[in-house]
Trainee: 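Mind looking over this structure? Questions follow.
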Amino acid sequence: MHIGLVGLGKMGGNMRTRLRNAGHTVVGYDRNQDLTDSSSLSDMVEQLRKLGDGPTVVWVMVPAGEPTRSTIAELKEILDEGDLVVDGGNSKYTDDALNAASLGEKGIGFVDCGVSGGVWGLQNGYALMYGGKATEAEKVMPALEALKPEGTDDGLVHCGETAGAGHFAKMVHNGIEYAMMQAYAEGWELLDKVDIVQNVPEIFASWRTGTVVRSWLLDLLVDQLRADEHLDKIRGYAEDSGEGRWTVQAAIDNAVPMPAISASLFARFVSRQEDDVAMKAIAAMRNGFGGHAVISESEA
């Protein structure tokens, strides 16, 4: 298929490559002239129209909030009835209904898609959680199939017909991720502190086979610990990118008890007040799966 891709950073750039490797034509747009395939959104859409006579499909991968809203507003003026916009960024699910309604005024379809896979998605594929009308999602299905992990029926799920269902699912996914990382980090801090235990990196490595706590996050932590056993080079500081807050707020709105996820979110707030030891492990894992920057001790 032919598809436009707006935003060619760490995620978007790798997605462009994976789509092209699968035989799809991608016309990308990014304000960074070293990355872009087009000079503007209008130029991108014009190139897509010259490639085929079907609906124009544009996938947006820019930061959540105003950057996404303004990009979609501009696309609304450029695209035609029957075309499709996919928001694959980390938008708050409540934005999706507004974007879908706005695009719908011109008969332009909208699909929201939570994307997980970080910097490893190019190699391993991405977990894709999409929301919106199934008839609209069919317009982008070849791209979804190319981006998902190969050799499995999992990794691609229609979360609901309502705009926002995909981003809501991704939001909860990220909330769970917060709690999992916090548990690993606290366990690492305790093991690293006591004198009775030695060889902490290999203890964590031993858990990767046959135990109920094995996971990709554990693999990433082992890699980081083997490179820097006590994580001395990393400051105990970790940002939160929004999804944890939104998950806790949704839990409050729906009276769902969420003690582990809310505690993991608040632990990140603590990390901004002083150098939190356990937060070194969370910072290391975030760097491992998403390329998120870490703050070195020399920068503290």
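Just so it is clear, the structure is predicted and the values come from calculations on it, not from any experiment.
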Trainee: Measure across Glu136 and Gly109 and return the closest heavy-atom pair with its distance rounded to 0.1 Å.
Mentor: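 The answer is OE1-CA, 3.5 Å.
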
Trainee: Taking the side chain as everything from C-beta on, heavy atoms only, tell me whether Val140 gets closer than 4.5 Å to Tyr130.
Mentor: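 The answer is no, as the side chains (C-beta and beyond) never meet within the 4.5 Å cut-off.
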
Trainee: Side chain of Arg18, backbone of Leu147: donor and acceptor closer than 3.5 Å?
Mentor: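 At least one qualifying donor-acceptor pair exists.
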
Trainee: Between Lys139 (side chain) and Gly54 (backbone), is there a donor-acceptor pair under 3.5 Å?
Mentor: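 No, because the side chain of Lys139 does not come within donor-acceptor range (under 3.5 Å) of the backbone of Gly54.
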
Trainee: Decide yes or no on side-chain contact (heavy atoms from CB on, under 4.5 Å) for Val85 and Asn99, but give the supporting numbers first.
Mentor: CA-CA 10 Å; Val85 173; Asn99 288 328; over 6 Å; no

Trainee: Which heavy atom in Gly82 sits nearest to a heavy atom in Pro55, and how many Å separate them?
Mentor: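 Shortest heavy-atom contact: O-CB, 3.2 Å.
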
Trainee: Got a second to check how far Gln33's CD is from Leu35's CG, nearest 0.5 Å?
Mentor: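 Going from CD on Gln33 over to CG on Leu35, the span is 9.0 Å.
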
Trainee: As an exercise, state the distance from CG of Asp154 to NZ of Lys148, rounded to the nearest 0.5 Å.
Mentor: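 NZ of Lys148 is found 8.0 Å from CG of Asp154.
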
Trainee: In the single-linkage hydrophobic clustering (I, L, V, M, F, W, Y; side-chain heavy atoms under 4.5 Å), do Trp59 and Leu103 co-cluster?
Mentor: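 Different clusters.
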
Trainee: Is it true that a side-chain atom of Ser40 and a backbone atom of Asp43 form a donor plus acceptor pair closer than 3.5 Å?
Mentor: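 Side chain of Ser40 to backbone of Asp43, a donor-acceptor pair under 3.5 Å: yes, one is there.
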
Trainee: Hey, is the main chain of Asn32 close enough, under 3.5 Å, to the side chain of Thr36 for a donor-acceptor pair?
Mentor: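 Between the backbone of Asn32 and the side chain of Thr36 there is no qualifying donor-acceptor contact (under 3.5 Å).
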
Trainee: Is the closest side-chain heavy-atom distance between Phe269 and Asp240 below 4.5 Å?
Mentor: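 Result yes, sub-4.5 Å side-chain heavy-atom pair found.
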
Trainee: Can you tell which of Leu218, Val213, Leu221 makes a side chain to side chain contact (heavy atoms under 4.5 Å, CB included) with Arg208?
Mentor: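 Exactly one pass, corresponding to Leu218.
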
Trainee: When you group the ILVMFWY residues by side-chain heavy-atom contacts below 4.5 Å and let the links chain together, are Trp188 and Trp216 in the same group?
Mentor: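 Cluster IDs for Trp216 and Trp188 match.
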
Trainee: Who passes side-chain hydrogen bond (donor to acceptor under 3.5 Å, both in side chains) against Arg226, sequence neighbours left out?
Mentor: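 Arg226 satisfies side-chain hydrogen bond (donor to acceptor under 3.5 Å, both in side chains) with Glu202 only.
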
Trainee: Between Asp37 and Arg20, does any side-chain N to carboxylate O distance fall below 4.0 Å?
Mentor: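 Judged by the 4.0 Å cut-off on N to carboxylate O distance, Asp37 and Arg20 do form a salt bridge.
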
Trainee: Checking the side chain of His167 only, and the main-chain atoms of Asp112 only, is there a donor and an acceptor separated by less than 3.5 Å?
Mentor: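 Not a single qualifying donor-acceptor pair exists.
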
Trainee: Step by step, work out the side chain to side chain donor-acceptor pair (under 3.5 Å) result for Lys10 and Asn14.
Mentor: CA-CA 6 Å; Lys10 287 180 292 188; Asn14 282 346; over 6 Å; no

Trainee: Could you measure the distance from the CE atom of Met180 to the CD1 atom of Ile261? Nearest 0.5 Å is fine.
Mentor: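 Between atom CE of Met180 and atom CD1 of Ile261 there are 11.0 Å.
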
Trainee: Got Cys113 and Val86 here, is their nearest side-chain heavy-atom distance under 4.5 Å?
Mentor: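 Yes, side chains in contact.
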
Trainee: Leu84, Val60: one ILVMFWY side-chain cluster at the under-4.5 Å cut-off?
Mentor: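 Different clusters: Leu84 never reaches Val60 through Ile, Leu, Val, Met, Phe, Trp or Tyr contacts under 4.5 Å.
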
Trainee: Within a reach of under 6.0 Å around CG of Asp153, are more than 12 heavy atoms found that belong to other residues, nucleotides or ligands?
Mentor: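 Incorrect, the count does not exceed 12.
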
Trainee: Counting only N and O atoms by type, is there a donor-acceptor contact under 3.5 Å from the side chain of Ser102 to the main-chain atoms of Leu98?
Mentor: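 A pair under 3.5 Å: no.
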
Trainee: Whether Lys76 and Glu105 form a salt bridge (side-chain N of Lys/Arg under 4.0 Å from carboxylate O of Asp/Glu) is what I want to check.
Mentor: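 Salt bridge: yes.
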
Trainee: Would you mind reporting whether Met129 and Ser116 have side-chain heavy atoms less than 4.5 Å apart?
Mentor: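 Heavy-atom side-chain distance check passes, below 4.5 Å.
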
Trainee: Evaluate the side-chain contact (heavy atoms from CB on, under 4.5 Å) criterion for residues Thr56 and Asp80: first the C-alpha distance (whole Å), next the side-chain angles of each, then the deciding distance (0.1 Å), finally the verdict.
Mentor: CA-CA 8 Å; Thr56 299; Asp80 296 327; over 6 Å; no

Trainee: Relative to the ring of His292, is the ring of Phe289 parallel (under 30°), tilted (30 to 60°) or perpendicular (over 60°)?
Mentor: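 Perpendicular.
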
Trainee: Rounded at 0.5 Å granularity, tell me how far CG in Asp95 sits from CG in Asp87.
Mentor: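 Reported to 0.5 Å precision, the distance equals 8.5 Å.
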
Trainee: A side-chain contact here means heavy atoms from C-beta on lying under 4.5 Å apart; do Phe266 and Val270 qualify?
Mentor: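 Heavy-atom side-chain distance check fails, nothing below 4.5 Å.
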
Trainee: Main chain of Ala250, side chain of Asn254: is a donor-acceptor contact present, judged purely on distance under 3.5 Å?
Mentor: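 Flag set: sc Asn254 to bb Ala250 pair under 3.5 Å.
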
Trainee: State, to 0.1 Å, how close Val119 and Gly288 come at their nearest heavy-atom pair, and which atoms those are.
Mentor: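 Residues Val119 and Gly288, closest heavy atoms: CG2-O, 4.2 Å.
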
Trainee: For Glu66, is the CD atom crowded, meaning more than 12 foreign heavy atoms sit under 6.0 Å from it?
Mentor: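 Enclosed.
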
Trainee: More than 12 heavy atoms of other residues, nucleotides or ligands under 6.0 Å from CH2 of Trp120: is that the case?
Mentor: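 For Trp120, atom CH2 is not crowded (no more than 12 foreign heavy atoms under 6.0 Å).
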
Trainee: Do Leu191 and Ile234 land in one hydrophobic cluster if side-chain heavy atoms of ILVMFWY residues count as linked below 4.5 Å?
Mentor: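 Yes.
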
Trainee: In chain order, what residues pass the side chain to side chain contact (heavy atoms under 4.5 Å, CB included) check against Met1, with sequence neighbours excluded?
Mentor: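 Result, side chain to side chain contact (heavy atoms under 4.5 Å, CB included) vs Met1: Ile3, His24, Val57, Pro142, Ala143.
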
Trainee: Looking at every heavy atom in both Ile282 and Met181, which two are closest together, and how far apart are they?
Mentor: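 Between these two residues, the closest heavy atoms are CG1-O, 3.7 Å.
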
Trainee: Indicate the atoms forming the closest heavy-atom contact of Asp30 with Leu8, along with that distance.
Mentor: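 Minimum heavy-atom separation between Asp30 and Leu8: OD2-N, 2.8 Å.
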
Trainee: Donor-acceptor check, side chain of Glu161 to backbone of Ala134, threshold 3.5 angstrom: yes or no?
Mentor: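 The answer is yes, because a donor-acceptor pair under 3.5 Å joins these two groups.
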
Trainee: Could you check Leu51 against Val27 for side-chain contact (heavy atoms from CB on, under 4.5 Å), going step by step and ending with a plain yes or no?
Mentor: CA-CA 10 Å; Leu51 290 170; Val27 180; 4.1 Å; yes

Trainee: As an exercise, state the distance from CG of Asn287 to CG of Asp223, rounded to the nearest 0.5 Å.
Mentor: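 Answer for the CG-CG pair, Asn287 versus Asp223, is 11.0 Å.
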
Trainee: Can any side-chain N or O of Thr247 pair as donor or acceptor with the backbone N or O of Met171 at less than 3.5 Å?
Mentor: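 Side chain of Thr247 to backbone of Met171, a donor-acceptor pair under 3.5 Å: yes, one is there.
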
Trainee: Minimum heavy-atom separation for Gly155 to Pro149, with atom names?
Mentor: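 Shortest heavy-atom contact: CA-CD, 4.2 Å.
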
Trainee: Measure the CZ-CE distance between Arg16 and Met11 for me, rounded to the nearest 0.5 Å.
Mentor: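 If I round to the nearest 0.5 Å, the distance is 14.5 Å.
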
Trainee: With a 4.5 Å limit on heavy-atom distance, are the side chains of Leu79 and Lys106 in contact?
Mentor: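 A side-chain contact is absent here, since even the closest heavy-atom pair is not under 4.5 Å.
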
Trainee: Consider only side-chain heavy atoms of I, L, V, M, F, W and Y, link residues closer than 4.5 Å, and tell whether Leu5 and Leu128 are in one cluster.
Mentor: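 Yes, same cluster.
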
Trainee: Between Gln224 and Phe204, is any pair of side-chain heavy atoms under 4.5 Å apart?
Mentor: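 Not in contact.
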
Trainee: Less than 4.5 Å apart, any side-chain heavy atom of Ile108 and any of Leu75?
Mentor: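 No, every pair of side-chain atoms sits at 4.5 Å or beyond.
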
Trainee: Just do the side-chain contact (heavy atoms from CB on, under 4.5 Å) check on Met141 and Leu156 with the steps written out, would you?
Mentor: CA-CA 10 Å; Met141 192 55 65; Leu156 175 60; 4.0 Å; yes

